[in-house]
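Worksheet: the structure to be examined is printed underneath.
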Protein chains: 2
Amino acid sequence: MEKWLVGVDVGGTNIKFAFLSDDGDIVYRWSIPTDVTNDGQNIIPDIASSILHKLHENNQTTNNVKGIGIGAPAFMNMETGFIFEAINLGWKDIDIKSELERRLMLPVVIDNDANVAAIGEMWKGAGIGSKDLLCITIGTGIGGGIIINGEIVHGTNGMAGEIGHITVNLENGILCNCGKYGCLETKSSATGMVQQAIAEIDNHPESLLFISYKQTGQLTAKMIVQAALEKDEYALKIVDTSCYYLGLAIANIANTINPSRIVIGGGVSKAGSLLLNSIQKYFNQFALPRVKMGADLAIATLGNDAGVIGAAWLVKNKL
Amino acid sequence: MEKWLVGVDVGGTNIKFAFLSDDGDIVYRWSIPTDVTNDGQNIIPDIASSILHKLHENNQTTNNVKGIGIGAPAFMNMETGFIFEAINLGWKDIDIKSELERRLMLPVVIDNDANVAAIGEMWKGAGIGSKDLLCITIGTGIGGGIIINGEIVHGTNGMAGEIGHITVNLENGILCNCGKYGCLETKSSATGMVQQAIAEIDNHPESLLFISYKQTGQLTAKMIVQAALEKDEYALKIVDTSCYYLGLAIANIANTINPSRIVIGGGVSKAGSLLLNSIQKYFNQFALPRVKMGADLAIATLGNDAGVIGAAWLVKNKL
């Protein structure tokens with residue numbers, strides 16, 4: 001029988017797992033909460049025992065597994081599998097590869113979560129057939145994964161794809177978490193959209209957002225997207241501004257690396273064609289004609305599965 | 001005896017040639033004028049006969065040549081060696097690889113001139129030892145060559161590295177040759193610097209540039225750089241603006257691909273440390289701390305030889 005690939009997507013809240021066929025089809029998936037107590041030192045034992053437990057439940061042993069692929073939100077050396085730091089997990093200087101290999105007696109390969117999600121979309125999602133791919137994840141922050149000639153781009157010290165910190169706003173840029181001003185993230189992430197919406201909400205008493213905000217004291221990107229889908233003008237203006245800066249940043253990246261596909265994922269991408277059409281409009285304005293001609297924009301299709309699928313690709317192709 | 005590599009750098013004015021050792025040392029170099037009459041149809045015969053002639057002069061035959069590498073300012077398919085268009089040469093739909101191979105009975109490999117120059121700097125110039133390299137050539141326009149994991153990045157339709165057309169100026173951007181507004185080229189190329197200088201020259205009668213311009217009716221980037229080196233305040237301001245946008249664009253690219261070295265070449269790079277220090281200052285402002293830590297900025301060292309050396313690298317590594 002063909003051996004399974006195991007994909008693991010370590011997040012700050014949950015760890016997602018899947019057993020996959022050699023073709024990247026998910027055979028079985030599950031998740032467990034991430035135990036971030038004690039500097040995350042239970043995470044690796046939890047991963048190992050959860051995999052063994054689920055293999056047993058499926059009447060399988062490690063003999064039926066080719067290897068373990070892991071995506072984690074961390075600074076790491078992908079070749080040695082050594083993690084320097086994963087702030088959301090509490091990890092510092094963790095040799096995850098050796099430790100998991102010792103516990104499971106199986107080969108382990110790791111990469112960072114944004115890269116693994118990009119590979120997932122390339123293998124089985126909105127990036128199928130594309131060897132030059134830019135993936136953008138719009139959530140609380142903005143992350144990116146870049147694939148060139150079918151390979152993940154890591155850069156010289158693992159920082160490739162930090163496109164949330166491209167400077168798009170030169171005049172009166174807002175302070176970003178990274179310490180710089182005017183980053184894409186301050187304008188186009190979920191957080192950035194909410195910040196913008198709140199800043200001028202009192203000038204828009206006619207907006208659905210004004211009403212919700214005054215009633216609940218809360219405003220989320222989800223509410224903004226929902227109101228925009230209901231054609232609320234103020235919400236549409238916020239989404240449009242977000243898409244303007246996304247279109248600009250994506251076009252500038254595309255003029256540099258000339259991708260064949262640009263995949264937009266993350267929570268905000270649930271706005272679907274509203275978001276995509278607006279990004280496309282500004283992308284067309286800022287990309288060179290031949291660059292534009294070469295690139296399709298698409299919404300990510302794998303959702304929460306992108307990470308485990310990309311991690312399984314690592315097992316198949318990098319072990 | 002070890003076979004020679006032949007590097008050819010086709011430009012709109014001259015064609016540069018060199019015979020190189022297998023280690024990339026230039027054994028012999030020469031150049032001929034580019035005959036752009038009749039849609040450039042004499043160029044390929046000229047290249048072939050010039051190589052044969054110089055081999056003969058050096059008491060060698062094609063038996064002593066491993067192959068021919070060519071860099072050209074063209075849109076092409078690098079794998080088939082087919083050129084779709086080279087505006088400065090008058091070429092359209094030219095199968096340069098087949099035609100030269102037929103004439104010389106030697107294998108031929110081609111790539112575009114910006115990429116070939118970047119490879120040259122990686123092999124023997126300011127990029128030595130770096131596998132993740134960004135090369136920027138600042139001349140009449142601004143070109144770029146990107147190397148990731150030691151390989152040239154072409155992109156999906158050969159447009160990778162078009163960094164002169166990154167939009168840096170959102171408000172009141174100047175119209176660029178490409179049809180867009182606010183491109184890096186409009187601010188930081190030789191042409192862009194001259195445009196800026198002339199636009200406000202009448203407000204700066206104290207400047208050396210004012211005096212030269214009024215006397216000669218001419219203003220060049222070389223004059224601006226020279227005046228800046230002589231601490232002329234207006235010239236320094238023009239150079240500073242140019243470097244501000246270069247530093248911004250380079251940092252945004254670096255946040256995306258995380259290079260280990262950034263090499264700045266072209267005519268304007270003759271300003272040397274004046275330019276480099278100023279670009280570095282703005283690069284530091286706009287790059288993420290870890291991205292900044294990973295990247296050295298340097299001035300290109302190969303000058304006019306970068307093209308023939310990079311073309312020879314193609315022969316060594318791609319044939």
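Throughout, protein chains are lettered first and strands after them, A, B, ... in sequence-line order, and every chain is numbered starting at 1.
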Proximal component of B:Q285, with respect to chain A [non-hydrogen, under 4.5 Å]: backbone

Region of B:I148 in contact with chain A, defined by heavy-atom distances below 4.5 Å: side chain

Minimal non-hydrogen separation, A:C178 against B:L288, with atom names: CB-CD2, 3.7 Å

A:K131 atom NZ, neighbour heavy-atom count above 12 within 6.0 Å: no

Heavy-atom pair with the smallest gap, counting every atom of A:F286 and B:K180: O-NZ, 2.8 Å

A:E79, CD atom: more than 12 neighbouring heavy atoms under 6.0 Å: no

A:I253 versus chain B, the contacting section by heavy-atom distance below 4.5 Å: side chain

Distance, nearest 0.5 Å, that separates CE of B:M293 from OG1 of A:T156: 9.5 Å

Contact leader toward chain B among A:I146, A:I166, A:L184, where contacts are heavy-atom pairs under 4.5 Å: A:I166

Donor on one side chain, acceptor on other, B:N258 and A:N157, under 3.5 Å: yes

Taking every non-hydrogen atom, the tightest pair across A:L170 and B:V168: CD1-O, 3.7 Å

Which atoms of A:N252 approach chain B - backbone, side chain, both or neither, heavy atom under 4.5 Å: both

Over all atoms of both residues, closest heavy-atom pair of A:H165 and B:N255: O-ND2, 3.1 Å

Interface moiety of B:A249 toward chain A, non-hydrogen atoms closer than 4.5 Å: neither

Over 12 non-hydrogen atoms of neighbours within 6.0 angstrom of CZ in A:F82: yes

Whether over 12 other heavy atoms sit under 6.0 Å from A:N177 CG: no

Atom CG of A:N172 with >12 non-hydrogen neighbours under 6.0 angstrom: no

Proximal component of B:F75, with respect to chain A [non-hydrogen, under 4.5 Å]: side chain

